Amino acid sequence: MKNFQIALLSVMLLFLAACSMESPFVNNGSDNEGNIKIGLSISTMENPFFVTLHDTIVKEAEEQGMDIVTVNAQDDASVEISGIEDLIQQQVDILLINPTDSAAVSSAVQSANAADIPVITIDRSADEGEVETLITSDNISGGEMAAEFIAETVGEDANVVELQGIAGASATRERGEGFHNVAEEKLNVLVSQPANFDRTEGLTVMENTLQGYNDIDAVFAHNDEMALGAIEAIKATGKDIVVVGFDGVDDAIAAVEAGELTATVAQQPDLMGQEAINTVQEVFAGNNVNELIPVPLDLKTKE
């Protein structure tokens, strides 16, 4: 009997030792009665596009009986990384990341990889680390679409101002690349200036640009927020300048219908959110998913 008790105690000690060696960052599945626990990192909740993306993801997840925890990066790469690391420590089952900075977020993606947590990126990519898929619009095609529209509307060799997004974001690089693919042949780009996807910065940059150039024919902004800011600056001058945005948020669509914004290359954040939850289900079903899941674009102009 004594020998049996000693043997049993030895087994228990070995089991406890093995448990204590487990990394606190390794995902062991949801502790919420078997529900999938999603960690969502959203780049900002100050932009209507990302508010729609966030709200759709949360709604779709809850309808599917999934648990979801959200962190807001506030358009700050360091806040983003800290938030994702916190989600990893909470042992979420999967991460949905809408990066602020595609390069900076790479370290957080790699931390998730080390913890064996699948990662899906939305709207913007991660430069490094392994992801299941990127759900996004074809930003290069959208930039080309904007430049072609300006050339057709104003005429080739039109003088154009480009308002760029956040420097490290893949969307900035890709929308700019697509725009210049066409603009270098058909348009005269007077200035390309960052306004960081922000309406107030778009207003300020456009005010300064208008002071330096008298012959601006058109503006291409990498998102609608900057385009709407540019419109406010243009209104104060009384000039007639074509403005094209990107995203298709509600404020932009309303501005197009009112004849203030000439056009917007409309993404569909609600479809992105739906695709994100559909992809989560595919991943946990053990199905293969494509490295890129495209969401269609649509050029919105006044009817």
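Please read these numbers as outputs of a predicted model, since none were measured by experiment.
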Engineer: Answer whether the closest heavy-atom distance between the side chains of Leu271 and Gln274 falls below 4.5 Å.
Structural biologist: yes
Engineer: Could you walk me through whether Val131 and Val109 pass the side chain to side chain contact (heavy atoms under 4.5 Å, CB included) test, one step at a time?
Structural biologist: CA-CA 8 Å; Val131 300; Val109 173; 4.1 Å; yes
Engineer: Side chains of Asn159 and Asn188: any donor to acceptor distance under 3.5 Å?
Structural biologist: yes
Engineer: Measure the OG1-CD1 distance between Thr56 and Ile277 for me, rounded to the nearest 0.5 Å.
Structural biologist: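 Thr56 atom OG1 to Ile277 atom CD1 measures 10.0 Å (nearest 0.5 Å).
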Engineer: For Val244 and Phe149, run side chain to side chain contact (heavy atoms under 4.5 Å, CB included): C-alpha distance rounded to whole Å, both residues' side-chain angles, the deciding distance at 0.1 Å, then the answer.
Structural biologist: CA-CA 9 Å; Val244 179; Phe149 175 80; 3.7 Å; yes
Engineer: Any side-chain heavy atom of Ile150 sitting closer than 4.5 Å to one from Val160?
Structural biologist: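 Result yes, sub-4.5 Å side-chain heavy-atom pair found.
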Engineer: Side chain to side chain contact (heavy atoms under 4.5 Å, CB included) for Asp198 and Glu225? Distances and angles first, verdict last.
Structural biologist: CA-CA 6 Å; Asp198 183 80; Glu225 289 295 293; over 6 Å; no
Engineer: Treating Thr172 as the side-chain partner and Gly168 as the backbone partner, does any N or O pair qualify as donor plus acceptor under 3.5 Å?
Structural biologist: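 No, because the side chain of Thr172 does not come within donor-acceptor range (under 3.5 Å) of the backbone of Gly168.
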Engineer: Who passes salt bridge (Lys or Arg N to Asp or Glu O under 4.0 Å) against Asp76, sequence neighbours left out?
Structural biologist: none
Engineer: Would the distance check show the side chain of Thr133 and the main-chain N or O of Asn290 forming a donor-acceptor pair, the cut-off being under 3.5 Å?
Structural biologist: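 Present.
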Engineer: Keeping Ser141 on the side-chain end and Asp138 on the backbone end, is there a donor-acceptor pair under 3.5 Å?
Structural biologist: no
Engineer: Do Ser137 and Gln267 have a side chain donor and acceptor closer than 3.5 Å?
Structural biologist: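 Per modelled atom types, Ser137 and Gln267 side chains form a pair under 3.5 Å.
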Engineer: Quick check: do Phe50 and Asp123 have side-chain heavy atoms less than 4.5 Å from each other?
Structural biologist: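 Touching, per the 4.5 Å side-chain cut-off.
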Engineer: Can you measure from CG (Leu95) to OG1 (Thr121) and round to the nearest 0.5 angstrom?
Structural biologist: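 So the gap between those two atoms works out to 11.0 Å.
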Engineer: Decide whether Glu130 and Asn113 meet the rule of one side-chain donor and one side-chain acceptor closer than 3.5 Å.
Structural biologist: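 Note: Glu130 and Asn113 side chains miss the donor-acceptor criterion.
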Engineer: Tell me which pairs pass side-chain hydrogen bond (donor to acceptor under 3.5 Å, both in side chains) where either residue lies in residues 253-263, with sequence neighbours left out.
Structural biologist: Lys235-Glu260
Engineer: With a 4.5 Å heavy-atom cut-off, do Leu299 and Thr264 have their side chains touching?
Structural biologist: no
Engineer: To check you understand the geometry: which heavy-atom pair defines the closest contact between Ala77 and Thr100, and what is its length?
Structural biologist: N-CG2, 4.3 Å
Engineer: In sequence, state the C-alpha distance, the side-chain angles, and the governing distance for Val161 and Gln193, and then conclude on side chain to side chain contact (heavy atoms under 4.5 Å, CB included).
Structural biologist: CA-CA 8 Å; Val161 171; Gln193 181 74 33; 6.0 Å; no
Engineer: If we ignore hydrogens and angles and just use 3.5 Å, is the side chain of Thr279 paired with the main-chain N or O of Glu275 as donor and acceptor?
Structural biologist: yes
Engineer: Can we say Lys59 and Asp270 salt-bridge, meaning some charged N sits less than 4.0 Å from an Asp/Glu carboxylate O?
Structural biologist: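 Not counted as a salt bridge, because no side-chain N and carboxylate O are separated by less than 4.0 Å.
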Engineer: State whether the number of non-hydrogen atoms from other residues, nucleotides or ligands found under 6.0 Å of Asp240 atom CG is greater than 12.
Structural biologist: no
Engineer: So, taking the atom named OG in Ser41 and the one named CD1 in Ile97, what distance separates them when rounded to the nearest 0.5 Å?
Structural biologist: 6.0 Å
Engineer: Is Asp75 close to Ser43 at the side-chain level, that is, under 4.5 Å between some pair of heavy atoms?
Structural biologist: yes
Engineer: To the closest 0.5 Å, what do you measure between CD1 (Ile38) and CG (Leu96)?
Structural biologist: 5.5 Å
Engineer: Just checking, is any N or O donor in the side chain of Glu282 or Asn278 under 3.5 Å from an acceptor N or O on the other one?
Structural biologist: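 Judged by distance alone, the side chains do not pair up.
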Engineer: Taking NZ, NE, NH1 and NH2 as the nitrogens, is one of them in Asp251 or Arg199 under 4.0 Å from a carboxylate oxygen of the other?
Structural biologist: yes
Engineer: Under the side-chain contact (heavy atoms from CB on, under 4.5 Å) test against Lys37, which residue among Met66, Gln90, Gln91 passes?
Structural biologist: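 Filter result, single survivor: Gln90.
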Engineer: Check whether the side chains of Glu85 and Ser111 place a donor and an acceptor atom closer than 3.5 Å, and report yes or no.
Structural biologist: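 Yes.
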Engineer: Counting only heavy atoms not in Gln281, do more than 12 fall under 6.0 Å of its CD?
Structural biologist: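 Counting other residues, nucleotides and ligands, CD of Gln281 exceeds 12 neighbours.
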Engineer: Is it true that Glu177 and Arg173 have a side-chain N and a carboxylate O under 4.0 angstrom from each other?
Structural biologist: no
Engineer: Is there a donor in the side chain of Ser106 and an acceptor in the side chain of Glu128, or the other way round, less than 3.5 Å apart?
Structural biologist: no
Engineer: Can you see whether Asp127 engages Ser102 through a side-chain donor-acceptor pair at a distance of less than 3.5 angstrom?
Structural biologist: no
Engineer: May I ask you to check whether over 12 heavy atoms, not counting those of Glu63, lie within 6.0 Å of atom CD?
Structural biologist: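 Buried by this count: over 12 neighbours within 6.0 Å.
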Engineer: With a 6.0 Å cut-off (strictly less than), is the heavy-atom count around CG of Asn287, excluding the residue itself, greater than 12?
Structural biologist: yes
Engineer: Quick one: does Val249's side chain get under 4.5 Å of Thr52's, heavy atoms only?
Structural biologist: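 In short, these two side chains do not touch, never coming nearer than 4.5 Å.
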Engineer: Membership question, hydrophobic clusters at under 4.5 Å side-chain separation (ILVMFWY): are Leu187 and Val243 in the same one?
Structural biologist: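 No.
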Engineer: With Glu148, which residues qualify under salt bridge (Lys or Arg N to Asp or Glu O under 4.0 Å), at least two apart?
Structural biologist: Lys186
Engineer: Do Met145 and Phe246 have side chains that get closer than 4.5 Å, going by heavy atoms?
Structural biologist: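 Not in contact.
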Engineer: Is there a donor-acceptor pair closer than 3.5 Å between any side-chain N or O of Asp101 and the backbone N or O of Ala169?
Structural biologist: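 Looks like no, no N/O pair under 3.5 Å.
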